[in-house]
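Encoded as structure tokens, the structure appears first; notes follow it.
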Number of protein chains: 2
Amino acid sequence: MASGFEAHDHTDCIRTAMARVEKHCAEKSLRLTKSRRRVLELLLSEHKALGAYDILAQLAAEGWNAQPPVAYRALDFLVKNGFAHKLERVNAYVACINPDADHLPSFMICRDCDAVAEARSPAHARAFKAAAEAAGFEIEKTVLEAQGLCPSCQSAENETQR
Amino acid sequence: MASGFEAHDHTDCIRTAMARVEKHCAEKSLRLTKSRRRVLELLLSEHKALGAYDILAQLAAEGWNAQPPVAYRALDFLVKNGFAHKLERVNAYVACINPDADHLPSFMICRDCDAVAEARSPAHARAFKAAAEAAGFEIEKTVLEAQGLCPSCQSAENETQR
DNA sequence: TTTGATATGTTATAATATATCAATACGGAG
DNA sequence: CTCCGTATTGATATATTATAACATATCAAA
Ligand SMILES: [Zn+2]
Ligand SMILES: [Zn+2]
Ligand SMILES: [Zn+2]
Ligand SMILES: [Zn+2]
């Protein structure tokens with residue numbers, strides 16, 4: 001139902017995602033420049049959200065002397081084109097798991113380990129959209145985020161309680 | 001289906017909400033102090049979200065010499081006790097329309113006039129919760145927000161397009 | 001009336017995000 | 001190829017949102 005918490009071949013996960021983004025950029029003549037590509041790689045490296053300043057710190061560690069606009073511009077590009085999403089609850093950004101399909105993303109965010117899973121079956125998102133439209137509201141953007149404990153952090157909490 | 005966009009007796013709306021909060025505070029021995037009460041009144045005054053610094057500005061206009069922690073502490077109290085909600089998408093706060101029932105709130109936020117409606121039928125919220133639990137995720141908090149155009153701002157956009 | 005807990009006052013600063021403008025790189029038209 | 005308009009980057013400054021820290025005040029119960 002979701003992606004991010006299950007065990008999977010993450011190397012392949014990254015490769016597939018990059019390939020889809022590259023293809024999409026080629027088709028739409030979008031320029032996946034050095035900083036945009038590197039920021040996307042950082043977001044893809046783990047199924048976790050990174051804040052803009054986390055990204056800046058990583059770039060700095062790689063010798064990049066990058067100021068805040070560098071991160072925000074790259075993130076704007078990635079978000080605008082659907083390659084990443086912003087998690088409003090935590091002011092952080094995560095790579096999209098389905099970066100060329102139009103969708104209403106929704107997320108589960110672990111408060112303990114910061115793991116993020118993007119839900120794949122957006123029945124609730126469509127239901128929200130339908131309910132809003134029934135109320136005469138024209139949706140342009142949805143924010144659907146759940147914060148709590150991922151499966152493995154629930155286990156960890158139970159361990160320490162003993 | 002929602003509250004905020006429809007015409008209604010808003011004076012009564014405010015009075016009812018304050019009464020419910022007062023009752024709840026009395027029952028739970030919560031202290032609805034001067035600043036907490038005034039911030040809640042400001043949030044209730046319109047079905048719009050106010051940022052912490054909007055609130056500080058209003059308090060200042062009333063002669064309050066209030067520093068940021070004053071607003072954030074009052075908002076924390078109101079949010080923690082379910083009298084207000086934070087809209088993560090716009091970093092702003094809105095009074096709850098159902099302030100003594102436990103619920104998973106969801107919102108429609110107009111990008112044009114900043115009107116906010118809290119949805120009353122949370123079928124989509126429950127569906128989200130169910131989907132997350134099916135994935136083994138333990139939800140502690142949900143953020144469900146739609147941003148777009150409220151009914152009256154849709155009309156206004158159509159006017160100007162002519 | 002002491003006491004412990006909760007709330008407020010006050011100052012400073014952290015964390016997140018954007019405005020602005022100059023310099024550069026890119027990519028198509030000629 | 002080379003010129004031109006546009007998109008992107010570099011660099012500095014600043015805006016916006018939120019919290020840390022610690023002293024003081026208030027409350028309510030023992
Ligand atoms: Zn993966
Ligand atoms: Zn976790
Ligand atoms: Zn009302
Ligand atoms: Zn509106």
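Lettering follows sequence order; numbering is per chain, from 1.
In this structure, L50(A) places its CG atom 13 Å from P of dA17(C), rounding to the nearest Å. Going from atom CZ of R38(B) over to atom C1' of dT8(C) covers 18 Å, rounded to whole Å. One atom, CG of L59(A), and another, P of dT9(D), lie 12 Å apart when rounded to the nearest Å. Residue R73(A) contributes atom CZ, which lies 14 Å from atom P of dC21(C) at whole-angstrom precision. Following rounding to the nearest Å, K34(A) (NZ) and dG10(D) (P) show an atom-to-atom distance of 8 Å. Taking atom CD1 on I55(A) and atom C1' on dA15(C), their separation rounds to 15 Å, with Å as the unit. When rounded to the nearest whole Å, the span between CG of D76(A) and P of dA19(C) equals 10 Å. Per the geometry, CG belonging to L56(B) stands 11 Å off P belonging to dA18(D), to the nearest Å.
OP1 or OP2 of dT9(D) sits under 4.0 Å from a side-chain N or O of T33(A). Considering only side-chain N and O atoms, S35(B) lies nowhere under 4.0 angstrom from the phosphate OP1 or OP2 of dA7(C). Taking 4.0 angstrom as the limit, K86(A) places a side-chain polar atom (N or O) nearer than this to OP1 or OP2 of dA17(C). The shortest distance between the side-chain N/O atoms of R36(A) and the OP1/OP2 oxygens of dT8(D) is below 4.0 Å. For N91(B), a side-chain nitrogen or oxygen approaches OP1 or OP2 of dA18(D) to under 4.0 Å. Applying the 4.0 Å criterion to OP1 and OP2 of dA7(C), one finds that Y72(B) has every side-chain N and O outside that range.
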task = Under the ring-ring contact (aromatic ring centres under 6.0 Å, His included) rule, what do Y93(A) and H85(A) come out as? Steps first, then yes or no, please.
result = CA-CA 6 Å; Y93(A) 303 80; H85(A) 303 291; over 10 Å; no
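Atom CE of residue M18(A) and atom SG of residue C25(A) lie 8.0 Å apart, to the nearest 0.5 angstrom.
Residues V70(A) and S35(A) come closest through the heavy atom pair CG1-CB, 4.4 Å.
Nucleotides of DNA chain C nearest to Q67(B) and L30(B) differ in position, and the one nearer the 5' end is that of L30(B). Heavy-atom nearest nucleotides on DNA chain D were determined for P68(A) and for F77(A), and the one closer to the 5' end corresponds to F77(A). Take the nearest nucleotide of DNA chain D for P69(B) and for V90(B): the residue whose nucleotide is more 5' is V90(B).
Scanning atom types as modelled, no donor and acceptor separated by under 3.5 angstrom connect the side chain of Y53(B) and the base of dA15(D). Side-chain atoms of R31(A) stay outside donor-acceptor range of the base of dG27(C), with no qualifying N/O pair under 3.5 Å.
With a 6.0 Å radius and a threshold of 12 heavy atoms from other residues, nucleotides or ligands, K141(B) has its NZ atom above the threshold.
Taking the charged nitrogens against the carboxylate oxygens, D12(B) and R15(B) do have a contact shorter than 4.0 Å, which makes a salt bridge.
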